[in-house]
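Since this is a predicted model, take the numbers as computed values, not measurements. Note that the numbering runs from 1 along the sequence shown for the chain.
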Amino acid sequence: MDDNIINKDGMSEIEGTVEHIVFQNEENGYTVCELVLSDEDLITAVGQMPFLSVGESIKALGQWTTHPSFGRQFKVEYFEKQLPANENAIRKYLASGAIKGVGVVLADRIVDKFGSDAFDVIENHPEWLTDISGITKKKAEKISERFKEAFGVRSVMMFCRDFFGPATAVKIYKKWGGSAVDVIKANPYKLCESIHGIGFETADRIAASLGSPKNSPDRLRAGIIYFLSYSASQNGHTFIPRNKLIPAACSMLEGDESGIEKALENLLSDGTAVSVKFGGREVIYLKDYFEAERYIAAKLHQLDMLCERVSLRDADRFVDMLEIELDITYASMQRKAILDAMESGVMVLTGGPGTGKTTVIRALIAVFEKMGMRIALSAPTGRAAKRMSEATSRDAKTVHRLLETEFSGDDKPSFRRDEHDQLDEDVIIVDEASMVDTLLFSALLKAIKPGARLILVGDADQLPSVGAGTVLFDIIESERYSSVALTEIFRQAASSLIVRNAHAINRGEMIDIKTTDSDFFFLRRSGSNEIAETVASLVTERLPKKYGEDILNNLQVITPTHKGASGTDNLNIILQARLNPPSKNKPEKKFRERIFRVGDKVMQTKNNYDAVWEKNGVEGVGIFNGDIGVIEDIDLKEETITVISDDRRIVYDFSQTDELELAYAITIHKSQGSEYGTVVLAISDFSPRLLTRNLLYTAVTRAKDMAVAVGHENTVYNMINNDRQVRRYTGLCFLIKTY
């Protein structure tokens, strides 16, 4: 076998005919197949080769590799399909089932009638196929359509191969079909506007390669959309003031102000962007965010107006009966929260740890159930929902599950529960509400029927949502709806140094770092390397030795950043090496700079609404940013990674590994909404923007049973003194006030 034909890029080139398809992922085109080469040798080829079928001839570029279990393979980087040239090859190809709707019988009839012109007839004259028995006009069109699909994607792959892989090429082809290359040439920026996963920078590189000028209207338009989208996803802004947007866009795009202004006016005129004036200041929204904030303001008003009130006298009587029944006396603010929830359509309950929020939630469940109302409990994350369920002995769902999230085909969520199919429940209680972003909250409100009650429970002092907006904060700031803040720390909780320190942080007071016989410990260390080594020693030796190996089952290392010796990147390498070292019994796979190994703790890093999971024999869809699990299996033959997360079994294709990262250590932002038995916190001299009071508060309040902070007291002191919070641009408070 001659495998030494090397092209200019240093890759080997092979030609052969597909003998057998071993595995094929229809979504991303990943394929394992057996090829018969021209010298009759049979080889295994692996890679993204979409729409490949038995009988097809291909030319492929790639590298020879040796698989540890399956031997020599050809890893395909690029490939082209070669149309079968003679009648026998055409007959074999059509009979293989490569074109759905054509089997052995029809293949014989087509080739018998049209001979070597069969493919030309199928592609360009499908109406001629109706002369053949068994082929109607509709079927002929379908055969032609499927034939073009099978061979059309190759033009997109070859055109775009310097910029992204075959899986993205498949997405592009599915979007625009045979005209995809023409669409890209006409306006490369349609890629970042229409294809999820292709950013502005990639589209900009393609445009530059095609000679598109930097001041083209298409580029300026796409650049403004990108800037607004980036500001929302990375900085949490739902809008940008116009007087800040124009100079920022000019700087980013290296364009002149008049061109940017004109591009913005076009976006405003076609409705992609929206201009609004708040107090005399003009601001620019992307349409989705403006419509979401406007809808939230309107729906909250509707819920509060239409909700059936319970008279104060009756509400008081209900609470009195509940106190007798449960042998409990509610504190004054707890009682006020219960009464306000009964008298209001929209109510907000906030409070730090140990202030009795869960006690109020339990009381509300009991009261509303006695009133014959149906209740839905929900939280933004799976861990928060599970904790809510355990605390109330009731089923609690994630907001996505409550809304019955579906995949729309463009990597964006759609919800079966909406204004056309609303929830049946009369009371919706949402815990950890500070984590709910603008778009998700708008979707939730659409699913709540008029007349139902909405109760938002959260901690206003925690970090804001990962997504754009500050929904809980804006609702409280508007002072339009009932809002009760619990501040009293109850006796049982007051014995916890975790709780006392959390409240001290909120008050701007230095925490107790000297006590050594409580649930909060401080280990003084200087320098990131010393902090990292102490954290690793705690997790792998000291804590398990003192409290038993079981402590690791609900222990989480958290730190403010990914970078530095005490950031997540380095801590994960250290902890993986000590907790889950290499073993011949543990398959592993390296992806870029990361190694994943069976037994590793991993985290999902972005929402994947299309991912299928199985739990107790039942299938479901959707895994979300922040979900943590353990790698159960790595199948090097099938090129899959199986992860167990909250008893769900999720199978990832190797091409999806960019959605996973090691999770022995995670950032404080990623820990939000979760609670762990034990938290080990690394506190080093990070970037000043990370050394803030609410970041430290969020970190400490993640611990349920024990918190161990490792660092220098000066850093802790600086964080407590730094009450600076980066305010997000949002219009929700103004819209609620003025609705």
Side-chain angles (χ1 to χ4, degrees), residues 358 376-407 413 415 429-433 435-436 440 444 465-466 550-558 568 572 575 579-580 596-634 640-653 656-657 659-679 702-705:
T358 301
L377 304 181
S378 188
T381 68
R383 283 179 172 266
K386 186 176 182 180
R387 194 169 73 245
M388 190 182 193
S389 182
E390 291 168 350
T392 60
S393 300
R394 299 288 192 283
D395 182 38
K397 300 177 180 178
T398 63
V399 177
H400 286 93
R401 185 171 156 225
L402 183 69
L403 299 180
E404 299 178 34
T405 306
E406 296 175 337
F407 178 65
F415 306 101
I429 303 177
V430 181
D431 199 8
E432 295 286 357
M435 292 185 66
V436 181
L440 184 59
L444 174 63
S465 58
V466 175
D550 287 347
I551 195 172
L552 296 178
N553 294 335
N554 197 15
L555 180 150
Q556 185 61 58
V557 175
I558 58 177
T568 61
N572 273 317
L575 291 170
L579 291 171
N580 191 31
F596 290 129
R597 184 176 298 129
V598 168
D600 276 338
K601 187 177 183 180
V602 291
M603 173 184 278
Q604 176 76 17
T605 60
K606 68 178 185 178
N607 292 340
N608 185 334
Y609 304 100
D610 194 32
V612 177
W613 49 262
E614 179 268 331
K615 180 178 180 180
N616 299 326
V618 178
E619 279 198 349
V621 178
I623 48 179
F624 302 102
N625 188 356
D627 286 354
I628 289 179
V630 175
I631 295 178
E632 179 189 54
D633 181 51
I634 297 178
T640 59
I641 295 179
T642 301
V643 174
I644 304 296
S645 174
D646 289 330
D647 299 324
R648 300 170 303 168
R649 178 172 278 98
I650 307 143
V651 179
Y652 293 81
D653 185 88
Q656 297 174 292
T657 51
E659 297 181 13
L660 291 174
E661 63 183 28
L662 292 174
Y664 296 102
I666 63 175
T667 63
I668 297 171
H669 282 86
K670 289 287 189 182
S671 74
Q672 194 175 356
S674 296
E675 185 179 72
Y676 311 97
T678 302
V679 163
R702 297 310 89 207
K704 179 183 179 183
D705 302 318

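- By the salt bridge (charged side-chain N to carboxylate O under 4.0 Å, His left out) test, Arg387 is found to be paired with Glu432, Glu675, residues two or more places apart in sequence or in another chain being considered.
- At least one donor-acceptor pair closer than 3.5 Å links the side chain of Arg597 to the backbone N or O of Asn580.
- A donor-acceptor pair under 3.5 Å is absent between the side-chain atoms of Ser378 and the main chain of Val430, judged by distance alone.
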Derivation and outcome, side-chain contact (heavy atoms from CB on, under 4.5 Å), residues Lys704 and Asn554: CA-CA 10 Å; Lys704 179 183 179 183; Asn554 197 15; 5.9 Å; no
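- Using modelled atom types, one side-chain atom of Thr605 and one backbone atom of Glu659 make a donor-acceptor pair closer than 3.5 Å.
- Two residues are said to be in side-chain contact when any heavy atoms from C-beta on lie closer than 4.5 Å; Phe415 and Leu402 fail this criterion.
- Scanning all heavy atoms of the two residues, the minimum distance from Asp431 to Pro380 falls at O-CD, 3.1 Å.
- Annotation: the span from Met603 atom CE to Ile666 atom CD1 amounts to 4.0 Å, rounded to 0.5 Å.
- A donor-acceptor pair is defined here as one N or O able to donate and one able to accept, closer than 3.5 Å; no such pair exists between the side chain of Arg702 and the backbone of Tyr676.
- If you check the side chains of Gln556 and Lys601, you find a donor sitting under 3.5 Å from an acceptor.
- For the atom pair CG of Leu403 and NZ of Lys397, the computed distance is 10.0 Å after rounding to the nearest 0.5 Å.
- Among the candidates Leu377, Thr358, Asp395, the single residue satisfying the side-chain contact (heavy atoms from CB on, under 4.5 Å) test with Met388 is Leu377.
- Listed here is the closest heavy atom pair of Ala385 and Ala396: O-CB, 3.3 Å.
- Shown here for Asn616 and Glu614, the closest heavy-atom pair between the two residues is N-OE2, 3.4 Å.
- Ile650 CD1 to Ile641 CD1: the interatomic distance, rounded to the nearest 0.5 Å, is 12.0 Å.
- Distance check, rounded to the nearest 0.5 Å: CZ of Arg383 to OG1 of Thr381 gives 8.5 Å.
- Thr568 contributes atom OG1, which lies 12.0 Å from atom CD1 of Ile558 (distance to the nearest 0.5 angstrom).
- Of the possible donor and acceptor atoms, one in the side chain of Asn572 sits under 3.5 Å from a partner among the backbone N and O of Leu662.
- Side-chain contact check for Leu579 versus Leu552: some heavy-atom pair is nearer than 4.5 Å.
- Looking only at distances, a side-chain donor or acceptor of Ser645 sits under 3.5 Å from a matching main-chain atom of Ile628.
- In this structure a side-chain-to-backbone donor-acceptor pair under 3.5 Å is missing from Thr642 to Glu632.
- For the pair Ser389 (side chain) and Arg394 (backbone), a donor-acceptor distance under 3.5 Å is present.
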Asp627 and Arg648: CA distance, side-chain angles, deciding distance, side-chain contact (heavy atoms from CB on, under 4.5 Å) verdict: CA-CA 11 Å; Asp627 286 354; Arg648 300 170 303 168; 3.1 Å; yes
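- Residues passing the ring pair (Phe, Tyr, Trp, His ring centres under 6.0 Å) test with Phe596 are Phe591, sequence neighbours excluded.
- Rounded to the nearest 0.5 Å, atoms CH2 (Trp613) and CZ (Arg649) are 12.5 Å apart.
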